*Asks:* 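Handing you a structure now.
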Amino acid sequence: MRTDAVPVRPLPLTSEQAEAMLQRHVKKHHIAIILLHWFNALVWGSELLTGLALISSPLFRVAPSWYISLVEGIFGSRANVLQIHVALGLSWIGVYLVYGIFGFRTYLSREVLQHEIALDRDDVRWLIVRTQRILGWTSEPLPPQGIYNAGQKLFAFLVYTMIPVVMASGVVMAFRLFGTQVVGWAVVVHFGAAGLVVSGLMIHVYMGAVFPEEKPAFFSMITGTVNELYAYSHHFKWWTIVKAEEGVWDRQHDDETGHPADIAGPTEPVRPE
Amino acid sequence: MARYAMVTDLTKCVACQACTVACNAEWGVPAGYARTRVRSTPISGTFPHLASGVYVAQCNQCDRPPCVEACPSGATSQGANGIVEVDKSLCIGCGFCLDACPYDARYINPVTKKVDKCDFCLARLERGAEPACVTTCTAHAKYFGDLEDRHSDVFKMVYAMGARRMETSRVRVGPNVYYAGEQARADLVMAAFPPRPPRLLAAGEAWSRVLKPLVLAAVGATFVGQAVAFFNQLRNGEKDFED
């Protein structure tokens with residue numbers, strides 16, 4: 001493999017190159033992950049809507065009282081709301097256990113954690129530039145990203161750490177384990193952990209469903225694939241890995257572009273800095 | 001609607017605990033716990049001028065019950081008749097209400113791990129019976145009735161004979177269990193078993209004072225950030241990413 005030929009950042013493409021890359025698809029998500037994602041989304045949505053209606057004391061509640069009455073009305077009684085909340089939460093834990101038992105080597109390997117959670121220098125810079133761009137303060141290009149961008153990595157870190165906390169505190173409450181002191185703190189921890197995830201979740205949903213530049217990422221959670229152009233311009237470092245896996249960097253290179261002649265690529269020579 | 005109250009006549013009660021036994025039997029209270037229990041003050045004075053009193057430790061169905069506010073799940077609520085009820089299907093056993101109660105009238109059932117307390121035998125009231133402790137009282141020292149009924153025993157004892165609430169200047173939650181009898185004896189009981197100020201557990205404090213504002217601020221800030229981003233998006237128009 002001629003590493004000196006691997007480009008380090010995306011370069012402007014000709015419209016033919018862009019068009020060609022738009023037609024090619026790269027596999028991003030396994031079907032198991034897609035199913036887990038939407039199951040997870042369904043559970044979080046339902047648990048948040050029911051959970052908000054379960055905290056009624058003015059000292060602690062965050063939802064207005066009309067909302068609490070509304071949810072109680074929908075489910076018939078507050079006891080039903082609690083039962084559904086608990087039953088759904090326990091089945092959620094069950095599904096995660098199955099995934100954990102059969103898939104922990106795949107989903108929680110050191111390699112995955114390194115690529116999907118750990119931030120590198122580009123990622124830190126990306127967070128700054130991304131925020132500034134959204135606020136319209138700069139048009140500086142975004143630093144190249146791996147399979148997940150830094151925002152997704154931060155959210156993954158939040159979710160990976162908070163999901164076990166939400167699960168454990170939920171189980172403590174559902175079965176009233178370890179006495180009133182522990183249950184009392186479990187309520188508080190459950191609320192706090194869910195609250196943290198929600199503030200991240202809002203960005204996650206906004207970026208996925210509303211923000212125009214990330215639309216291919218949203219559809220990749222349905223089809224499992226993204227077009228190569230999106231991979232190239234948004235997840236460039238991942239794109240180079242995909243190409244390496246395809247053996248592209250081993251093949252005959254076009255010395256002018258640094259890319260194999262048979263794929264679309266930058267229009268000028270690229271050298272590592 | 002009724003406003004139920006209970007009066008204990010301190011001159012009649014002999015602390016026989018028949019009420020405790022009747023209550024435990026009626027509600028299947030586990031051994032070592034009680035919804036109601038008669039506690040005696042230490043004997044004071046010198047012979048032959050000795051004095052003692054009794055205090056019935058039970059839920060006072062307060063007018064302003066601190067336990068209702070402390071309950072996060074809404075399991076504890078107050079009915080229109082003033083009775084503070086516990087909905088067992090909602091109780092998660094967090095114990096916030098135990099600390100809130102100035103009279104320490106609640107306990108956690110060791111089997112169900114849920115809270116339990118006196119509710120003036122609400123189930124018996126609904127079928128027209130009196131509370132078990134009142135029916136059983138060997139000295140007829142306990143009276144139960146409606147304070148809004150001018151002909152009731154409790155109305156006469158509270159408004160005509162001056163039966164007293166166990167309140168101090170620091171703790172005024174409007175208890176609806178009254179004590180009738182001589183002034184000196186009531187003072188003795190009050191001094192021995194004063195209500196304590198309602199407490200909120202550290203977990204509850206952390207929740208209401210720190211975590212709730214923190215979560216609201218985090219979610220609010222995110223929302224504002226997104227609103228700005230969305231506004232920019234609308235202003236700039238949607239562009240496909242490859243442009």
Side-chain angles (χ1 to χ4, degrees), chain A residues 13 15 18-19 21-22 54-62 68 77-83 131 134-136 172-177 179-189 191-192 194-196 198-203 205-207 210-216 227 229-230 233-234, chain B residues 68-77 87-100 108 112-115 200-212 214-223 225-233 235-243:
Chain A
L13 302 170
S15 55
E19 190 54 41
M21 288 176 94
L22 203 51
L54 286 171
I55 313 170
S56 61
S57 161
L59 277 179
F60 312 116
R61 74 164 182 231
V62 286
I68 297 172
S77 75
R78 178 185 283 258
N80 288 351
V81 180
L82 179 60
Q83 276 187 354
T131 313
I134 286 178
L135 296 173
V172 165
M173 280 189 283
F175 300 105
R176 302 176 293 286
L177 307 171
T180 54
Q181 283 287 336
V182 177
V183 176
W185 276 106
V187 190
V188 181
V189 167
F191 171 84
L196 278 180
V198 168
S199 51
L201 189 64
M202 288 168 70
I203 303 178
V205 171
Y206 176 78
M207 283 297 182
V210 185
F211 196 64
E213 292 179 31
E214 291 292 337
K215 273 188 185 148
N227 67 65
L229 182 60
Y230 169 81
S233 49
H234 283 238
Chain B
V68 170
E69 195 180 47
C71 174
S73 71
T76 290
S77 63
D87 183 342
K88 300 278 163 51
S89 63
L90 290 176
C91 179
I92 53 170
C94 69
F96 285 15
C97 58
L98 268 71
D99 258 41
I108 295 280
T112 63
K113 310 271 178 63
K114 293 182 179 189
V115 79
L200 188 57
L201 279 178
E205 289 281 356
W207 187 356
S208 69
R209 282 171 197 261
V210 183
L211 215 52
K212 183 180 157 184
L214 207 68
V215 164
L216 285 177
V219 171
T222 312
F223 184 80
Q226 282 181 356
V228 172
F230 188 62
F231 176 74
N232 276 337
Q233 181 183 326
R235 200 183 50 185
N236 298 336
E238 286 207 10
K239 285 181 291 186
D240 281 338
F241 68 93
E242 63 264 30
D243 291 338

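If you're wondering where the values come from, they're calculated on a predicted model, not measured in any experiment.
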*Asks:* Shortest non-hydrogen contact from A/V62 to B/L216?
*Replies:* CG1-CD2, 3.8 Å
*Asks:* Does some side-chain heavy atom of B/K113 sit less than 4.5 Å from a side-chain heavy atom of A/L177?
*Replies:* no
*Asks:* Is it the side chain or the backbone of B/F231 that comes within 4.5 Å of chain A heavy atoms, both, or neither?
*Replies:* neither
*Asks:* At a heavy-atom separation under 4.5 Å, does B/V219 approach chain A through its side chain, its backbone, both, or neither?
*Replies:* both
*Asks:* Show the nearest heavy-atom pair for residues A/R176 and B/I92, with the distance to one decimal.
*Replies:* CG-O, 3.2 Å
*Asks:* If you tally heavy-atom pairs under 4.5 Å against chain A, which of B/G220, B/A221, B/S208 wins?
*Replies:* B/S208
*Asks:* Give a yes or no answer on whether the side chain of A/S57 reaches the backbone of B/E69 with a donor-acceptor pair at less than 3.5 Å.
*Replies:* yes
*Asks:* Please name all residues satisfying ring-ring contact (aromatic ring centres under 6.0 Å, His included) with A/F60, sequence neighbours left out, ordered by chain then number.
*Replies:* B/F96, B/W207
*Asks:* I'd like to know which of B/V68, B/D87, B/T112 tops the heavy-atom pair count under 4.5 Å against chain A.
*Replies:* B/T112
*Asks:* Under a 4.5 Å heavy-atom cut-off, does chain A meet the side chain of B/L200, its backbone, both or neither?
*Replies:* side chain
*Asks:* May I ask you to test the A/V188-B/L211 pair for a side-chain heavy-atom distance under 4.5 Å?
*Replies:* yes
*Asks:* Tell me the closest heavy-atom pair linking B/Q226 and A/M202, and the distance in Å.
*Replies:* NE2-O, 2.6 Å
*Asks:* Report which part of A/L59 has an atom under 4.5 Å of a heavy atom belonging to chain B: side chain, backbone, both, or neither.
*Replies:* both
*Asks:* Nearest heavy-atom pair of A/V187 and B/C94: which atoms, and what distance?
*Replies:* CG2-CB, 3.9 Å
*Asks:* Who wins among B/A75, B/A206, B/C91, B/G204 for the most heavy-atom pairs under 4.5 Å with chain A?
*Replies:* B/G204
*Asks:* Restricting to non-hydrogen atoms, name the atom on A/S56 and the atom on B/S73 that form the minimum distance, rounded to 0.1 Å.
*Replies:* OG-C, 3.7 Å
*Asks:* State the CG-CG distance between B/L90 and A/L82, to the nearest 0.5 angstrom.
*Replies:* 6.0 Å
